[in-house]
Each structure stands twice: as C-alpha cells, then as structure tokens.
Peer 1: 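Quick one: the structure is below, questions incoming.
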Amino acid sequence: MNTKKSAYQDIHYFKYLSLQNAKWFIDIILNKQLHASNVSELNDPMESFYSTTEGNLKKFTYKMKHEKVFVCSLSKESDNYLLWSHYADGHKGCCIEVSAKAPNKGFIEVEYDNRKAYEAKNREDINELLKYKLDCWKYENEVRYIRRDSHLCVYIHKVIFGMSTSSKDCNFYSKLIKSIDSNIDTVRIKDLNELKEPKF
C-alpha cells in the first residue's frame, strides 16, 4: 500500500509505457519501482559523442565505474501528444504519475542545447555527461534519475490510459490496479482536446 498522504508532497513526474508487456506493467504497480536503463542502452546514441577541437565527433569512453550507471527517464508532462505516440504504443498504452521516494537523489533536469550537447564535457562527471541533449529532443521535457542499480523506487499516484486503449483493457487494468493498491487513481483520456498537440 502507498504510505500516508504527507509523502505525496514531492513534485510529480510521468512515465509513458506500452501495455503490451503486461508482466512489466504489473511489476511496476506491485513493487512500486520503475526500470532504469544502463547508460549504454539510452535511445539517443549521440549522447555518447562529443566534438573535438578539430570539429570531429568522438565517442566517450566510460570508465569501469560508469558501466553500472543506470538512468530512469521521466517527463514533466502527462498530456504530450508525441510522447503518447512514441512511448505509449500509439496512445494504446498508459502514462503513470509518480514521485520518487528519494526525490533529490541523483536528480537531473535535462537541458536542450545543440552546442552544449557536443562540448567536451567533464568526462569524470556522469551527471554532467547526461545533463544535455540536442534541441530535437526538447519535446520530451525530460527529467532523469541517475542510479547505481536498475530500479527507481516511487510512489504511484495515478495511471492514465491512452485515448486508443480499448475499454476492455481499461476496465481490466483498472480493476487489477485497485486490487493491488486502492489509493492509485485511474483515468482514461477521452479525446484530443485533453492533449497538448505538437507545434510546427
């Protein structure tokens, strides 16, 4: 069960997920923890490169201690049309509203800057390496938790189902969630008016 309400005062963030891997989703709800990816598994390969003084791109060589660095990526938004499309199975998945049990530990707010993303940063500081991303990722409005293990312990406040999630799936998962923890709210997005559409 969730702890008492006073633990809910931290800032909330959002994790977009597909529901195709039901076991993974149930594990999150049951154990109150999100998966964190190894640094080498991040979906933007350019994060591993920096620009040399000659203008060439060179790949960072992580020291042994960095091989056990994991990243849990979240967003500040639950109504991002593109995030629903890219990370929640084309609006057929869900978005989980959470707050970290250790909100300030390993926390990074990503900055989007093409120049800084390629600068020869301090390669001894993993937080500095993971702080900057290219402008094209700005729509993600990302925050990161840097971990030494592959999980982030969280409080779960709400599960939001996408507008293309079937009624059958919504009902099934809502009942399942309530049977695990009755304090977790569930809701479904009804139409596009509830989403922040992309700007071009």
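Keep in mind it's a predicted model, so treat the numbers as computed, not measured.
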Peer 1: Which of parallel (below 30°), tilted (30 to 60°) and perpendicular (above 60°) describes His35 and Trp24?
Peer 2: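 Perpendicular, since the angle between the ring planes exceeds 60°.
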Peer 1: Applying salt bridge (Lys or Arg N to Asp or Glu O under 4.0 Å), can you list everything that pairs with Arg188, at least two apart in sequence or on another chain?
Peer 2: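 In terms of salt bridge (Lys or Arg N to Asp or Glu O under 4.0 Å), with neighbours along the sequence ignored, Arg188 is linked to no residue.
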Peer 1: Please report the interatomic distance CG(Asp135) to CG(Asn114), rounded to the nearest 0.5 Å.
Peer 2: 4.0 Å
Peer 1: Between the side chain of Lys15 and the main-chain N/O of Ser73, is any donor-acceptor distance below 3.5 Å?
Peer 2: yes
Peer 1: In terms of heavy-atom contacts, does NZ of Lys178 have more than 12 from other residues, nucleotides or ligands at under 6.0 Å?
Peer 2: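 Enclosed: over 12 neighbouring heavy atoms sit under 6.0 Å from NZ of Lys178.
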Peer 1: Considering residues at least two apart in sequence or located in another chain, which fulfil the salt bridge (Lys or Arg N to Asp or Glu O under 4.0 Å) criterion with Glu41?
Peer 2: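 Partners of Glu41 under the salt bridge (Lys or Arg N to Asp or Glu O under 4.0 Å) test: none.
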Peer 1: Side chains of Lys76 and Tyr13: closer than 4.5 Å at any heavy-atom pair?
Peer 2: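 They are in side-chain contact.
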Peer 1: Can you find a pair of side-chain heavy atoms, one from Val71 and one from Ile108, that are under 4.5 Å apart?
Peer 2: no
Peer 1: Taking all heavy atoms of Asp27 and all of Asn31, pick out the closest pair and write down the distance.
Peer 2: OD1-ND2, 2.6 Å
Peer 1: Regarding His157 and Glu97, do their side chains bring together a donor and an acceptor under 3.5 Å, going by distance alone?
Peer 2: no
Peer 1: How would you list, by chain and number, every residue that makes a ring-ring contact (aromatic ring centres under 6.0 Å, His included) with Phe161, sequence neighbours excluded?
Peer 2: none
Peer 1: If you round to the nearest 0.5 Å, how far is CG of Asp169 from OG of Ser164?
Peer 2: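 Answer for the OG-CG pair, Ser164 versus Asp169, is 11.5 Å.
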Peer 1: Would you say Leu17 and Ile28 make side-chain contact, with heavy atoms under 4.5 Å?
Peer 2: yes
Peer 1: Measuring from Cys95:SG to Glu77:CD, what's the distance to the nearest 0.5 Å?
Peer 2: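 Reported to 0.5 Å precision, the distance equals 10.0 Å.
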Peer 1: Would you say that Leu176 contacts Ser179 through its side chain, given a criterion of any heavy-atom pair below 4.5 Å between the two side chains?
Peer 2: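 Of all side-chain heavy-atom pairs linking Ser179 with Leu176, at least one is under 4.5 Å.
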Peer 1: Run the ring-ring contact (aromatic ring centres under 6.0 Å, His included) test against Tyr112 and tell me which residues pass, sequence neighbours left out.
Peer 2: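 Tyr112 satisfies ring-ring contact (aromatic ring centres under 6.0 Å, His included) with no residue once adjacent residues are dropped.
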Peer 1: Which distance, rounded to the nearest 0.5 Å, do you find between the NE2 of His12 and the OG of Ser99?
Peer 2: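 Those atoms lie 4.5 Å apart.
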Peer 1: Could you state the interatomic distance from CZ (Phe14) to OG (Ser78), rounded to the nearest 0.5 Å?
Peer 2: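 With rounding to 0.5 Å, CZ (Phe14) is 4.0 Å from OG (Ser78).
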Peer 1: If we only count heavy atoms from C-beta on, is the Lys196 to Asn80 side-chain gap below 4.5 Å?
Peer 2: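 Of all side-chain heavy-atom pairs linking Asn80 with Lys196, none is under 4.5 Å.
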Peer 1: If the plane angle is over 60° it's perpendicular, under 30° parallel, otherwise tilted; pick one for Trp84 and His91.
Peer 2: parallel
Peer 1: Begin from the C-alpha positions of Leu42 and Arg144 and carry the test side chain to side chain contact (heavy atoms under 4.5 Å, CB included) through to its verdict.
Peer 2: CA-CA 12 Å; Leu42 297 177; Arg144 289 173 163 177; 4.3 Å; yes
Peer 1: How are the rings of Trp137 and Tyr139 set to each other: parallel, tilted or perpendicular (split at 30° and 60°)?
Peer 2: parallel
Peer 1: What are the two closest non-hydrogen atoms of Phe25 and Cys94, and how far apart are they?
Peer 2: CE1-SG, 3.7 Å
Peer 1: Roughly how far, to the nearest 0.5 Å, is the NZ atom of Lys168 from the OG1 atom of Thr165?
Peer 2: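 One finds 14.5 Å between OG1 of Thr165 and NZ of Lys168.
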Peer 1: Does any non-hydrogen side-chain atom of Ile156 lie less than 4.5 Å from one of Asp181?
Peer 2: no
Peer 1: Tell me, with the steps shown, if Leu152 and Gln33 meet side chain to side chain contact (heavy atoms under 4.5 Å, CB included).
Peer 2: CA-CA 5 Å; Leu152 173 70; Gln33 59 184 16; over 6 Å; no
Peer 1: What heavy-atom pair brings Asp79 and Tyr16 nearest, and what distance separates the two atoms?
Peer 2: N-OH, 3.6 Å
Peer 1: Is the closest side-chain heavy-atom distance between Val143 and Ile11 below 4.5 Å?
Peer 2: no
Peer 1: Which atoms form the tightest heavy-atom contact between Lys158 and Ile160, and what is the distance?
Peer 2: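 Shortest heavy-atom contact: CD-CG1, 3.7 Å.
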Peer 1: For Lys131, enumerate each residue passing the side-chain hydrogen bond (donor to acceptor under 3.5 Å, both in side chains) test, keeping only those at least two apart in sequence or located in another chain.
Peer 2: Glu111
Peer 1: Please report the closest heavy-atom contact between Leu19 and Tyr173, naming both atoms and the distance.
Peer 2: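 Heavy atoms only, the tightest pair is O-OH, 3.5 Å.
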Peer 1: For a side chain to side chain contact (heavy atoms under 4.5 Å, CB included) check, start with the C-alpha distance between Leu34 and Leu74, then their side-chain angles and the critical distance, and finish with the verdict.
Peer 2: CA-CA 10 Å; Leu34 298 176; Leu74 304 169; 3.6 Å; yes
Peer 1: Tell me whether the NZ or CZ atom of Lys101 lies within the 45° cone about the ring axis of Tyr155 and under 6.0 Å from its centre.
Peer 2: yes
Peer 1: Using modelled atom types only, decide if a donor and an acceptor are shared between the side chain of Ser150 and the backbone of Ala36 within a distance under 3.5 Å.
Peer 2: no
Peer 1: Do Leu83 and Glu140 touch side chain to side chain, with heavy atoms closer than 4.5 Å?
Peer 2: yes
Peer 1: List for me each residue that meets ring-ring contact (aromatic ring centres under 6.0 Å, His included) alongside Tyr87, sequence neighbours excluded, and say none if there are none.
Peer 2: none
Peer 1: Where do Glu194 and Lys190 come nearest, in terms of heavy atoms and distance?
Peer 2: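 What the structure gives for the nearest pair is OE2-N, 2.9 Å.
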